[in-house]
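What follows is one structure encoded as structure tokens, with my remarks underneath.
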Amino acid sequence: MSTEDRPPAPRSLAEALRARGDAALGALLRSRPDLITPVPTDLTQLATRAGTRASVVRALERLDRFALQTAEALAVAADPATYGELLGLMAGDDADPAVVAALPHALGLLREQALVWGDDDRLRLVRTARELLAPSPQHPSPTGLGPTVQEATAGMSPGRIQEIVTAAGLASTHDSVSAVTALAGLFTDRARMTALLADAPADSLDVLERLVWGPPYGQVTHDPAPRLRWLLDRGLLLPTAPGTVVLPREVALHLRRGLAHPAPEPVPPVVEAAAVHRPQVVDSAAAGQAYTALATVEELLKDWDEGGPAVLRAGGLSVRDLKRTAVALDVPEPAAAFWVELAYAAGLIASDGEADERYAATPAYDEWLEQPPAERWSRLVTAWLAATRTAGLVGGRDAKDRTLSALGPGLDRSAAPEVRHRVLALLAELPEGAAPVAGTVLARLRWERPLRGDRREDDLRGRLAEWALSEAELLGVTGRGALSAQGRALLGAPAAPAPGPEGEPSGPGDKLPVHHHHRPAPLAPLSPAEQAVASAAAARLLAPLLPEPLDHVLLQADLTAVAPGPLQRPLADMLGVLADVESKGGATVYRFTPGSVRRALDAGQAASDLHAFLAAHSRTPVPQPLAYLIDDVARRHGHLRVGAASAYVRCDDDAVLSEILADKRAAGLGLRRLAPTVLAAQADPAGLLEGLRAMGFAPAAESAEGDVLITRALAHRTPPRSAPEPVPDGPPVPDDALLAAALRAIRAGDLASTTPRKPGTAPAGNGELPRTGAAETLATMQAAVLTGEALWIGYVNAEGAASQRVIAPVRVEGGFVTAYDHTADEVRTYPLHRITGVAELADDAG
């Protein structure tokens with residue numbers, strides 16, 4: 001293309017955006033969704049919004065390390081800079097091939113996100129980004145560079161500038177501007193600078209070496225040493241404040257051989273595999289962890305079935321209750337906090353909202369229990385992937401130095417879902433069965449989001465990644481550190497890459513590097529609908545790997561029962577009432593006690609029911625001691641009846657009541673005989689039941705009608721509760737429909753604001769609406785109907801919002817104009833009294 005055929009260079013970011021096609025504008029709005037919240041009226045407003053500080057900071061935080069280094073290099077380059085100058089700053093005099101190959105992509109990314117605009121011969125960094133990234137004494141640049149010669153000499157006297165120019169071997173000039181220009185020209189001329197430094201004393205060069213990679217500032221006394229005096233006389237060091245000197249940017253770049261950064265990082269760090277296991281081993285280990293996760297959550301909810309811990313006044317669990325939960329689950333406290341938060345995120349537990357507020361299972365828990373195990377697991381991991389609540393923060397301190405508690409406020413971290421997904425996506429890039437070196441995963445994440453990883457919030461992103469790796473193992477998404485088949489399906493990932501030709505390492509000490517020079521595009525987070533499909537696929541893969549529930553136990557003569565594996569739900573529920581869990585592991589041991597048998601009888605079971613149940617579900621004969629225990633407890637169970645007087649005790653055998661009255665342990669119950677078979681008590685019914693049981697009796701509670709009250713487990717539930725909503729990390733990425741509508745609106749508004757008008761018809765103020773009288777407006781409209789010409793109008797709607805539009809009038813009648821609206825791409829009708837004015841368009845208006 002000849003110079004004459006080339007389109008003119010854009011003079012502003014708005015013009016650069018105006019030259020983009022819909023695909024390029026759509027890519028910008030996807031990468032920076034805050035720009036369409038709300039939708040801008042035109043491209044000028046879009047450009048203005050893209051340059052605001054909050055939006056630019058957010059965009060910079062999402063750059064990878066090399067793209068950020070490219071932006072930092074442009075911040076210390078001339079404005080505008082050429083591509084060649086940028087390449088020199090990034091690749092140096094040696095032209096690092098990796099940097100040369102990666103720079104076009106990094107620059108393209110900055111252009112796509114509207115952080116850089118202009119052609120390759122006039123690259124401009126958005127002004128706000130330059131202000132944020134350019135070096136200053138208060139905010140040093142990661143490049144380690146200082147101010148330019150022009151900036152460092154801004155407050156220097158003209159005489160001193162001339163002295164420096166002369167000492168550097170340059171001819172004196174008539175003004176400071178030309179003198180500074182000549183000095184900067186000397187420092188950027190490699191040959192002349194090499195000759196100048198060849199005469200420098202060795203100890204002066206040592207001073208330069210200490211400052212060259214930053215920080216560029218140093219301290220001097222009022223009488224500098226000769227090695228410093230030599231540098232100051234020639235402007236190789238320039239004073240910035242009393243006692244402070246700085247190495248000018250041009251000098252540093254010469255000493256660095258042109259490099260803006262000490263170590264450009266064009267290629268992301270390699271994620272290494274610590275060991276590679278057979279995929280079947282990984283999937284089996286993950287399935288075992290998935291089963292343990294289900295059992296742990298189920299045990300937690302059973303422990304809270306009849307009302308869990310109290311809710312703190314500020315919200316959350318107390319430290320004591322968290323410790324009790326950890327003991328009940330037989331896990332460390334951090335793991336207990338994770339399981340509690342996971343159940344909360346899945347909507348299985350919540351506060352009951354009563355006056356004495358406590359945590360309890362929700363109705364959704366009963367629905368969850370009825371699902372197949374694989375689907376229950378799928379629901380847990382789907383909630384985990386999307387949750388912004390971060391259990392790893394429990395026990396830490398918030399900004400006001402208050403302790404963060406499980407289920408309490410302050411645990412949301414909006415970056416958590418993105419980090420979890422990215423960690424699993426990195427595991428998906430490894431060969432099947434490969435477990436990564438955790439340090440290389442963290443290094444990769446820091447490269448991908450350096451502003452969010454290295455220098456913000458005490459490396460929160462790194463901690464989130466570490467928690468994601470450990471939580472994925474607890475949940476069975478990974479097995480032995482490697483991503484399982486069901487974990488891969490959960491991400492919607494394709495089949496795992498095959499191992500390289502080097503072969504598979506077999507031991508934990510072997511490492512398998514995975515190179516990403518030509519890495520595939522990273523897996524994007526799934527939409528809710530896509531995630532539902534992926535979660536269902538993961539459940540299908542997991543289902544065959546989970547152990548089949550058993551329908552039997554092994555009864556032993558020492559009043560215990562051994563469950564050699566997971567039990568079917570009815571059997572597990574009944575056994576949980578009839579016996580107490582003594583130990584867990586590969587096999588669960590239950591112990592029968594008088595209290596546990598009485599618990600089953602209180603739940604409405606008869607002795608014959610218990611004998612039949614044990615005989616039906618035991619692979620061994622029912623031991624005689626167990627049968628005797630059941631019969632003995634059943635014989636005494638319900639012989640006494642407790643009701644409400646305050647409370648009363650009745651029994652057909654008056655001798656038993658006499659025995660109770662004579663027992664000293666009954667003194668605190670306030671008993672007195674009302675009739676031969678009835679005792680009244682001052683204690684409440686529950687206290688009376690407990691007191692009599694402590695004395696060795698087995699009373700049963702009864703209703704006002706005299707029927708035995710049956711107490712059942714799983715009685716306390718919260719009202720219907722929804723799971724907590726994740727806290728979004730900024731505006732959501734727009735879908736295709738919203739993006740298309742936003743682009744149409746922006747293009748339409750831009751057309752109205754930029755369409756040329758005939759001379760003398762447009763208002764003087766930029767962006768002002770046209771103003772004409774009612775008669776002139778009507779006449780112009782009627783004329784346009786006859787000629788078919790388009791007009792530019794100002795319009796104020798019923799809400800008082802003003803806009804500019806380009807219309808082609810079709811009909812004018814009854815105080816309304818019907819016209820084809822070019823800005824809306826449809827036929828509309830406008831009341832004439834709401835049109836502020838009308839102007840004709842130029843003949844060559846596109």
Side-chain angles (χ1 to χ4, degrees), residues 31-34 54-69 71-72 106 109 113 132-133 142 263 265 267-272 334 337-338 341 345 384-399 404 410-430 436-475 477-478 481 483 487 491 516 519 521-525 726-733:
S31 62
R32 298 176 66 179
D34 57 297
S55 183
V56 170
V57 167
R58 181 173 176 80
L60 291 175
E61 285 180 343
R62 294 182 171 272
L63 295 178
D64 62 53
R65 191 181 300 279
F66 188 65
L68 184 61
Q69 286 182 329
E72 290 165 348
L109 180 64
Q113 300 202 15
L132 289 168
L133 299 177
E265 298 182 52
V267 179
V270 173
V271 177
E272 296 178 344
F338 168 69
E341 283 289 343
W384 170 72
L385 270 179
T388 54
R389 292 185 61 84
T390 308
L393 297 171
V394 172
R397 296 279 179 173
D398 64 9
L404 296 170
L411 294 183
D412 283 291
R413 295 296 182 271
S414 57
E418 186 261 331
V419 172
R420 288 192 199 106
H421 186 278
R422 188 62 190 132
V423 166
L424 297 182
L426 288 175
L427 300 190
E429 294 180 11
L430 291 171
V437 177
T440 62
V441 174
L442 300 182
R444 176 66 172 271
L445 290 175
R446 292 191 185 102
W447 184 91
E448 291 178 346
R449 294 287 188 273
L451 281 182
R452 285 195 163 195
D454 290 344
R455 289 167 275 176
R456 290 177 62 89
E457 297 183 358
D458 190 27
D459 195 13
L460 172 64
R461 194 174 168 83
R463 289 185 292 151
L464 288 173
E466 292 174 345
W467 294 330
L469 288 170
S470 62
E471 291 166 2
E473 191 74 12
L474 285 175
L475 284 170
V477 177
T478 60
L483 191 65
L491 298 176
H516 298 279
R519 60 192 186 280
L523 290 170
V727 176
D729 187 17
V733 177

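As a basis for the values below, the full set of heavy atoms in this structure was taken, side chains included, without hydrogen atoms, waters or symmetry mates.
- Within the 4.5 Å cutoff, no side-chain heavy atoms of Leu474 are placed close to those of Trp384.
- Side-chain atoms of Leu133 and Leu60, non-hydrogen and from C-beta on, do get closer than 4.5 Å to each other.
- Considering only heavy atoms from C-beta on, Val394 stays 4.5 Å or farther from Leu404 through its side chain.
- Contact detail for Pro728 and Ser414: the closest heavy-atom pair is O-CB, 3.7 Å.
- For the atom pair Leu445 CG and Glu418 CD, the distance stands at 8.0 Å (nearest 0.5 Å).
- To the nearest 0.5 Å, atoms CZ (Arg422) and CG (Leu491) are separated by 10.5 Å.
- Applying the side-chain hydrogen bond (donor to acceptor under 3.5 Å, both in side chains) test to Glu341 and every residue at least two apart in sequence or in another chain returns Arg389.
- Side chain of Arg449 to backbone of Asp64: no donor-acceptor contact under 3.5 angstrom is found.
- The backbone N or O of Glu265 sits less than 3.5 Å from a side-chain atom of Gln69, completing a donor-acceptor pair.
- Distance check: Phe338 CZ to Trp467 CH2 gives 12.5 Å after rounding to the nearest 0.5 Å.
- Val419 is not listed as a side-chain neighbour of Arg413, based on a closest heavy-atom distance of 4.5 Å or more.
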>> Determine whether Val271 and Leu427 satisfy the following criterion, side chain to side chain contact (heavy atoms under 4.5 Å, CB included), listing intermediate values before the conclusion.
In response: CA-CA 9 Å; Val271 177; Leu427 300 190; 5.9 Å; no
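- When all heavy atoms are compared, the tightest approach of Pro732 to Pro33 is O-CB, 3.4 Å.
- Thr478 meets the side-chain hydrogen bond (donor to acceptor under 3.5 Å, both in side chains) test with Glu473; sequence neighbours excluded.
- With respect to Arg444 and Glu448, a salt bridge is recorded, a charged nitrogen being found less than 4.0 Å from a carboxylate O.
- Between Pro436 and Leu426 the shortest side-chain heavy-atom distance does not fall below 4.5 Å.
- Annotation: the span from Arg420 atom CZ to Leu469 atom CG amounts to 12.0 Å, rounded to 0.5 Å.
- The side-chain heavy atoms of Arg32 and Arg58, taken from C-beta on, include no pair separated by under 4.5 Å.
- Between Arg463 and Leu460, some side-chain heavy-atom pair lies under the 4.5 Å cut-off.
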> Run the side chain to side chain contact (heavy atoms under 4.5 Å, CB included) check on Leu424 and Leu385 step by step: do they pass?
Replying inline: CA-CA 10 Å; Leu424 297 182; Leu385 270 179; 3.9 Å; yes
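- A donor-acceptor pair is defined here as one N or O able to donate and one able to accept, closer than 3.5 Å; such a pair exists between the side chain of Thr390 and the backbone of Thr388.
- Heavy atoms only, all atoms of each residue included: Ala67 and Ala106 are closest at CA-CB, 4.1 Å.
- The shortest side-chain heavy-atom distance between Leu442 and Glu466 falls under the 4.5 Å cut-off.
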